[in-house]
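Numbering starts at 1 and runs along the sequence shown.
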Amino acid sequence: QVQVVQSGGASVPAGGSLQLSCVVSGLSFDDYAMGWFRQAPGKEREGVACLNWIGQNIYYAPSVKGRFTVSRDNAKNTVSLQLTNLKPDDTGIYYCAVGLGPACGDYMSLHEYNFGNWGQGSQVTVST
């Protein structure tokens, strides 16, 4: 049984930083891409970042590029998302997701249909 367990999430002031982490069990972690999505209040879930099975190919949404950093440790079955210079528009529930294969897709955007197992979500609130 695949389990995707997230940690992190907090309320921070604008300009602040925090880290989200995700531990995956029940599958061969280094066979799969890993992605992060978020859902803001009243909006659809959107892709934030993704890296392929070995972390060589990485996608960032334009809205977070240069501020967020995604990384993975295949020895620990862990993927992390470092969020810096946070803005109120970054507020939302962040989800970690396991890809259906080793790649993130076309690296032009992220689509939920390319991901199978999801974490429980982590609330990130950025105040002005």
If you take all heavy atoms of Ala49 and Tyr60, which pair is closest and at what distance?
CB-CD2, 3.8 Å
Atom pair SG/CG of Cys104 and Leu110 - distance to nearest 0.5 Å
6.5 Å
Linked, directly or transitively: Val4 and Leu51 (ILVMFWY side chains, under 4.5 Å)
yes
Treating Gln3 as the side-chain partner and Gly26 as the backbone partner, does any N or O pair qualify as donor plus acceptor under 3.5 Å?
no
Ser122 to Gly9 - nearest heavy-atom pair and separation
CB-CA, 4.3 Å
For Arg38, run the salt bridge (charged side-chain N to carboxylate O under 4.0 Å, His left out) check against Glu112, Glu44, Glu46 and tell me which one passes.
Glu46
Going only through I, L, V, M, F, W and Y residues with side-chain contacts under 4.5 Å, is there a path from Val98 to Phe37?
no
Between Ala14 and Pro88 the two heavy atoms that sit nearest each other are CB-CD, 4.2 Å
What heavy-atom pair brings Leu27 and Tyr32 nearest, and what distance separates the two atoms?
CD1-CD1, 3.9 Å
Which heavy atom of Gln82 sits nearest to which heavy atom of Ser17, and what is that distance?
NE2-CB, 4.3 Å
Quick check on the hydrophobic clustering: are Tyr95 and Val48 connected, directly or via other members, by side-chain heavy-atom contacts under 4.5 Å?
no
For Ile54, the hydrophobic cluster (side chain heavy atoms closer than 4.5 Å, chained through members) also holds Trp53
Please lay out, stage by stage, how Val23 and Ser25 fare under the test side chain to side chain contact (heavy atoms under 4.5 Å, CB included).
CA-CA 7 Å; Val23 180; Ser25 60; 5.7 Å; no
Under 4.5 Å between side-chain heavy atoms, counting indirect links through other Ile/Leu/Val/Met/Phe/Trp/Tyr residues: same cluster for Val70 and Ile93 or not?
no
Side chain to side chain contact (heavy atoms under 4.5 Å, CB included) against Ser109, all qualifying residues, sequence neighbours excluded
Tyr59, Asp106, His111
For the residue pair Met34 and Cys96, establish whether any side-chain heavy-atom pair is separated by less than 4.5 Å.
yes
Please check: side-chain N/O of Asp73 versus main-chain N/O of Thr78, any donor-acceptor pairing under 3.5 Å?
no
What orientation do Phe68 and Tyr94 show, parallel under 30°, tilted 30 to 60°, or perpendicular over 60°?
tilted
Is any side-chain heavy atom of Val124 closer than 4.5 Å to a side-chain heavy atom of Leu20?
yes
Below 4.5 Å, heavy atoms only, C-beta onward: do Cys50 and Ile58 meet side chain to side chain?
no
Spell out, yes or no, whether Leu86 and Trp36 are grouped together once hydrophobic residues are joined by side-chain heavy atoms under 4.5 Å, including indirect joins.
yes
Do the side-chain N and O atoms of Gln123 and Thr125 include a donor-acceptor pair separated by under 3.5 angstrom?
yes
Test of understanding: with salt bridge (Lys or Arg N to Asp or Glu O under 4.0 Å), list the residues that count as partners of Arg72, not counting sequence neighbours.
none
What closest approach, in Å, do Val79 and Phe29 show between heavy atoms, and which atom pair accounts for it?
N-CZ, 4.3 Å
Do side-chain atoms of Thr91 reach the backbone of Val126 as a donor and acceptor pair under 3.5 angstrom?
yes
Using modelled atom types only, decide if a donor and an acceptor are shared between the side chain of Thr84 and the backbone of Arg67 within a distance under 3.5 Å.
yes
